[in-house]
Amino acid sequence: MVRNRDFVQKRYYRVFRQDRGASASCPSPKEWSFQRKAAEHFKAMCEAETPIVFPEEKITFTRTNRNVTAAYSPEDIEAEFDVNGKFYTVINNVCPDYGILLEKGLSGIRNEINLQIEDIKKKEKNLFKEKDFHKEEDFLVSCLITIQAVEELAERYRREAERIGNTYVGNLLRTVPMEPAGSFAQALQAVRFLSSMFYLAGNYQLGFGRIDQYLIPFYREDIARGNLTRKEAEELVGEFFISLNKDSDLYFGVQQGDNGQSMMLGGVKPDGTDGINELTYLFLKVSEKLRLIDPKINLRIDSNTPKELLLLGCKLTKAGLGFPQYSNDEVVIPALVKAGYSLEDARNYTVAACWEFIIPGKGLDIVNQGAVSFPYAVGEVLKSPELASMDEKRMEKIIRKNIDWQVKNILENRNQFLLPSPLVSLFFHGTISARRDVTRCARYRNRGIHGAGSANAADALYLIRSIIRQGKQKELFHLKEAVDKNFEGFEAERNYLKNEIPKVGNAQEQVDQGLHDIFNWFADACEHYSDKKCRIRPGTGSAQFYIWLTNRLNDWIIEPVVGATIDGRKTGEPLPSSLAPAQGVKVNGLLSVLQSFSVIDYSRIMNGGPITVEFSPAALNTQEGLEKLADILRCFVKMGNQQLQLNVLDYRVLCDAMKHPERHSNLIVRVWGWSGYFCELAPEFQKQVVNRHRYEL
């Protein structure tokens with residue numbers, strides 16, 4: 001296993017890359033539906049792959065075609081959909097239900113499709129004048145083409161495995177992914193194969209969901225029958241993890257590593273009973289042993305989580321991979337229920353590519369539609385012509401109005417819709433019986449908007465409130481001038497603002513009140529634009545917007561870009577990632593940070609977003625340090641916080657990596673909701689990570 005890990009860490013798999021996407025694509029007949037075009041294109045992408053199987057591996061798949069082309073053109077979209085004021089994109093940031101594949105196999109799904117087609121043909125003879133069945137049959141036929149494409153590629157992989165003498169993999173592929181999985185190894189191979197197929201179909205950032213839940217029956221049965229030992233299971237999971245790292249250069253994402261290969265461990269079952277099992281521990285241990293960027297681990301915890309599991313999570317945190325990301329079931333589940341998700345589905349939640357809460361096999365929520373810039377909204381107060389007579393009521397009205405405008409601007413000008421995908425539809429509940437693509441019949445189709453820069457905004461709000469309460473509104477004019485000039489010539493004022501004014505992160509009630517208010521105003525705006533069919537889900541995460549809201553780096557940005565801010569932040573300086581004190585703020589410790597962010601009403605702010613804290617490696621070098629961190633995780637739950645990610649890196653190592661990247665090719669960092677290789681990040685993201693760790697705890 002270690003040998004195979006070294007293979008992926010040295011990126012040797014890249015020698016197998018080819019550019020076959022363009023030649024594989026071919027013009028499609030105009031009469032084909034959008035779904036048919038997607039299916040035929042997926043078939044071409046599968047045919048463009050060259051099977052690569054290594055003699056010693058036990059879980060296989062290595063993508064070879066680096067050029068997965070688009071299945072359709074903008075003209076195709078315009079011909080089939082109403083594009084007026086709408087933006088269409090492929091399905092992404094959702095989670096299929098892999099349990100469907102493991103239980104039925106693609107052959108079982110194909111049988112269900114054929115029964116539906118037979119039923120259509122029977123009814124067509126009698127009801128043709130009353131109903132046109134063409135669209136339903138077209139969807140089902142597109143699904144059959146998709147299944148056949150996977151079957152043919154799996155067969156080519158099987159033959160290649162047997163050609164090179166890897167009978168273990170060859171035997172696995174005689175069963176999966178076409179037939180139901182009959183063993184733990186078969187289940188892992190089926191999941192790996194299907195996860196690769198989504199990317200060939202043009203879909204991206206589709207995570208693995210609650211993998212310890214849907215794999216545990218196979219593990220336990222193999223153990224009970226004596227077909228598998230725990231050591232052998234650990235080796236198989238390691239092979240699975242290694243296989244996921246063979247494609248890290250080919251995924252879609254803002255940056256390399258932003259690939260959505262995320263999995264959720266622990267938590268309760270849909271019936272409310274404890275879901276922690278042997279695989280919950282096993283996956284954590286293997287991840288800590290291998291120390292690879294994929295898969296990204298998320299761990300659900302609550303007041304009853306065993307300390308042994310918390311310590312295992314802390315040990316993985318110590319490894320410096322930027323995960324696990326911890327989610328508090330006691331906060332998340334009630335919030336999802338309040339937002340309209342059934343209790344059973346809420347208990348079964350996982351996360352999207354980063355942290356947003358979604359339901360496997362049922363939710364097609366668009367979780368990252370844009371971000372509200374809280375610092376920009378607070379900054380509007382300084383632009384008011386009534387600044388000299390500003391009071392708190394008018395100040396609140398200005399901020400509320402701007403937050404509302406930003407939400408409306410995102411919904412109207414980045415009005416996203418998802419394009420059909422026969423492949424994805426196969427692994428969402430109800431699509432085959434409904435004879436419709438998942439984009440038309442998913443149970444949940446809500447939209448998420450991030451709230452970014454909350455700490456900077458709350459710091460600025462506290463300062464403005466304090467000045468107003470003291471009746472010193474004239475000071476606002478002086479600060480406005482300093483902000484307008486980016487603090488040039490106002491260095492003393494900036495030093496005072498950054499270092500003397502109380503800040504979020506130190507558990508000071510009057511400062512943290514700003515966090516509570518800003519997020520409530522955000523929730524009010526999102527609820528205003530929600531309806532029964534689509535809830536607008538506000539979140540506390542920032543995603544890539546902590547950079548994009550301060551520097552307009554591409555044409556995709558419709559959000560207002562904020563310049564210097566009254567808390568002492570200069571133009572161009574990034575905002576903190578998700579929930580974190582403003583960069584450069586000295587805090588009293590992790591507990592004070594948790595206390596500050598516990599004031600947010602997470603029952604209303606439920607699109608996810610972790611409290612993000614940087615640690616020095618020295619803090620976790622002893623067993624005592626790990627024990628203390630486990631106790632802090634219990635405090636995190638007790639305080640009612642929502643999510644937490646802890647990053648352990650040495651500031652000096654980061655600086656050396658910027659100067660000598662050749663020495664640190666496998667240095668892993670947490671970027672926002674995902675981890676990647678530091679030296680493969682764009683400079684602006686590298687600098688933000690370095691600045692975060694400069695003030696580590």
Side-chain angles (χ1 to χ4, degrees), residues 368-387 390 394-414 449-465 476 479-487 494 497-498 503-504 514-515 517-526 528-529 536 538-583 605 609 672 684 688:
N368 183 355
Q369 189 150 350
V372 169
S373 173
F374 291 141
Y376 186 91
V378 175
E380 288 293 280
V381 175
L382 296 182
K383 301 175 186 177
S384 172
E386 302 174 302
L387 193 59
M390 185 65 62
R394 189 176 295 119
M395 176 198 70
E396 177 181 331
K397 184 177 180 180
I398 291 170
I399 299 172
R400 277 180 171 271
K401 182 178 180 180
N402 187 264
I403 290 175
D404 186 274
W405 170 80
Q406 289 194 56
V407 170
K408 183 180 180 182
N409 178 55
I410 291 168
L411 294 174
E412 289 183 350
N413 294 302
R414 197 180 288 131
I449 298 179
H450 301 303
S454 57
N456 293 88
D459 293 344
L461 180 56
Y462 166 77
L463 178 59
I464 295 173
R465 271 180 171 162
L476 292 176
L479 292 176
K480 179 181 185 303
E481 184 181 4
V483 168
D484 290 343
K485 293 184 178 180
N486 197 27
F487 295 101
R494 181 171 184 253
L497 293 171
K498 287 184 69 66
K503 297 287 195 299
V504 165
L515 280 174
D517 293 343
I518 287 170
F519 277 109
N520 270 353
W521 299 338
F522 182 29
D524 289 342
C526 289
H528 175 72
Y529 293 104
I536 308 304
T540 57
S542 63
Q544 65 275 17
F545 291 97
Y546 65 84
I547 297 289
W548 288 359
L549 293 180
T550 61
N551 294 276
R552 195 178 299 278
L553 298 177
N554 59 58
D555 295 335
W556 191 73
I557 300 300
I558 60 170
E559 288 83 355
V561 173
V562 64
T565 48
I566 198 174
D567 60 320
R569 191 193 128 270
K570 298 187 75 172
T571 298
E573 291 183 356
L575 303 171
S577 177
S578 301
L579 294 181
Q583 289 205 340
I605 309 293
W672 55 83
E684 59 268 20
Q688 203 273 352

Let me check something: any side-chain donor-acceptor pairs from residues 453-463 under 3.5 Å, sequence neighbours excluded? List them with distances.
| from | atom 1 | to | atom 2 | distance (Å) |
| --- | --- | --- | --- | --- |
| Asn456 | ND2 | Asp567 | OD2 | 2.8 |
| Asp459 | OD1 | Val504 | N | 2.8 |

Original post:
Rounded to the nearest 0.5 Å, how far does NZ of Lys383 lie from CG of Asn402?
Top reply: 8.0 Å

Original post:
Residues two or more places apart in sequence or in another chain: which of them pass salt bridge (charged side-chain N to carboxylate O under 4.0 Å, His left out) with Asp524?
Top reply: Arg400, Arg604

Subject >> Spacing of CD1 belonging to Ile547 relative to CD1 belonging to Ile557, to within rounding of 0.5 Å >> reply: 11.0 Å

Subject >> Heavy-atom side-chain contact between Thr550 and Leu575 under 4.5 Å >> reply: yes

Original post:
Side chains of Phe374 and Ile399: closer than 4.5 Å at any heavy-atom pair?
Top reply: no

Original post:
For the residue pair Leu549 and Ala452, what are the closest heavy atoms and their distance?
Top reply: CD1-CB, 3.6 Å

Original post:
For Asn409 and Ile558, which heavy atoms make the closest approach, and how far apart are they?
Top reply: ND2-O, 3.3 Å

Original post:
Under 3.5 Å, side chain of Thr571 to main-chain N/O of Ala564, donor-acceptor pair present?
Top reply: yes

Subject >> Any Val372 side-chain heavy atom under 4.5 Å of Trp521 side chain >> reply: no

Subject >> Partner set under ring pair (Phe, Tyr, Trp, His ring centres under 6.0 Å) for Tyr376, not counting sequence neighbours >> reply: none

Subject >> Distance in Å, Gln544 CD paired with Asn368 CG, rounded so as to fall on 0.5 Å steps >> reply: 5.0 Å

Original post:
Between Trp548 and Phe545, how do the two ring planes meet: parallel, tilted or perpendicular, split at 30° and 60°?
Top reply: perpendicular

Subject >> Straight-line distance of Lys485 NZ to Lys480 NZ, nearest 0.5 Å >> reply: 11.0 Å

Original post:
What is the minimum heavy-atom distance between Phe522 and Ile403, and which atoms define it?
Top reply: CA-CG2, 3.8 Å

**OP:** Determine whether Ile398 and Glu386 make a side-chain contact, defined as any pair of heavy atoms from C-beta on separated by less than 4.5 Å.
**Re:** no

**OP:** Spell out, as yes or no, whether a donor-acceptor pair under 3.5 Å connects the side chain of Gln406 to the backbone of Glu559.
**Re:** no

Subject >> With Lys401 via salt bridge (charged side-chain N to carboxylate O under 4.0 Å, His left out) - residues at least two apart >> reply: none

Subject >> Gap between atom NE2 of His450 and atom OH of Tyr546 - 0.5 Å precision >> reply: 12.0 Å

Original post:
Heavy atoms, side chains only, cut-off 4.5 Å: are Pro538 and Ile449 in contact?
Top reply: no

Subject >> Check: Val562 and Arg569 side chains under 4.5 Å, non-hydrogen atoms >> reply: yes

Subject >> Test item: Lys408 and His528 side chains (from C-beta on) under 4.5 Å apart, heavy atoms >> reply: no

**OP:** Report the residues that fulfil salt bridge (charged side-chain N to carboxylate O under 4.0 Å, His left out) with Lys397, sequence neighbours left out, ordered by chain and then residue number.
**Re:** none

Subject >> By salt bridge (charged side-chain N to carboxylate O under 4.0 Å, His left out) - contacts of Lys498 (at least two apart) >> reply: none

Subject >> Nearest heavy-atom neighbours spanning Ser542 and Ser578 >> reply: OG-N, 2.8 Å

Original post:
At their closest point, which heavy atom of Met395 faces which heavy atom of Met390, and how far apart are they?
Top reply: N-SD, 3.6 Å

Subject >> Side chain to side chain, Leu479 and Leu497, heavy atoms closer than 4.5 Å >> reply: yes

Original post:
Can you name the closest pair of heavy atoms from Cys526 and Val407 and give their distance?
Top reply: SG-CG2, 4.3 Å

Subject >> Reported CD1-to-CD distance for the pair Ile518 and Glu396, which is rounded to 0.5 angstrom >> reply: 11.0 Å

Original post:
Is there a side chain to side chain contact (heavy atoms under 4.5 Å, CB included) between Phe519 and Leu579 once you walk through the steps?
Top reply: CA-CA 12 Å; Phe519 277 109; Leu579 294 181; 4.0 Å; yes

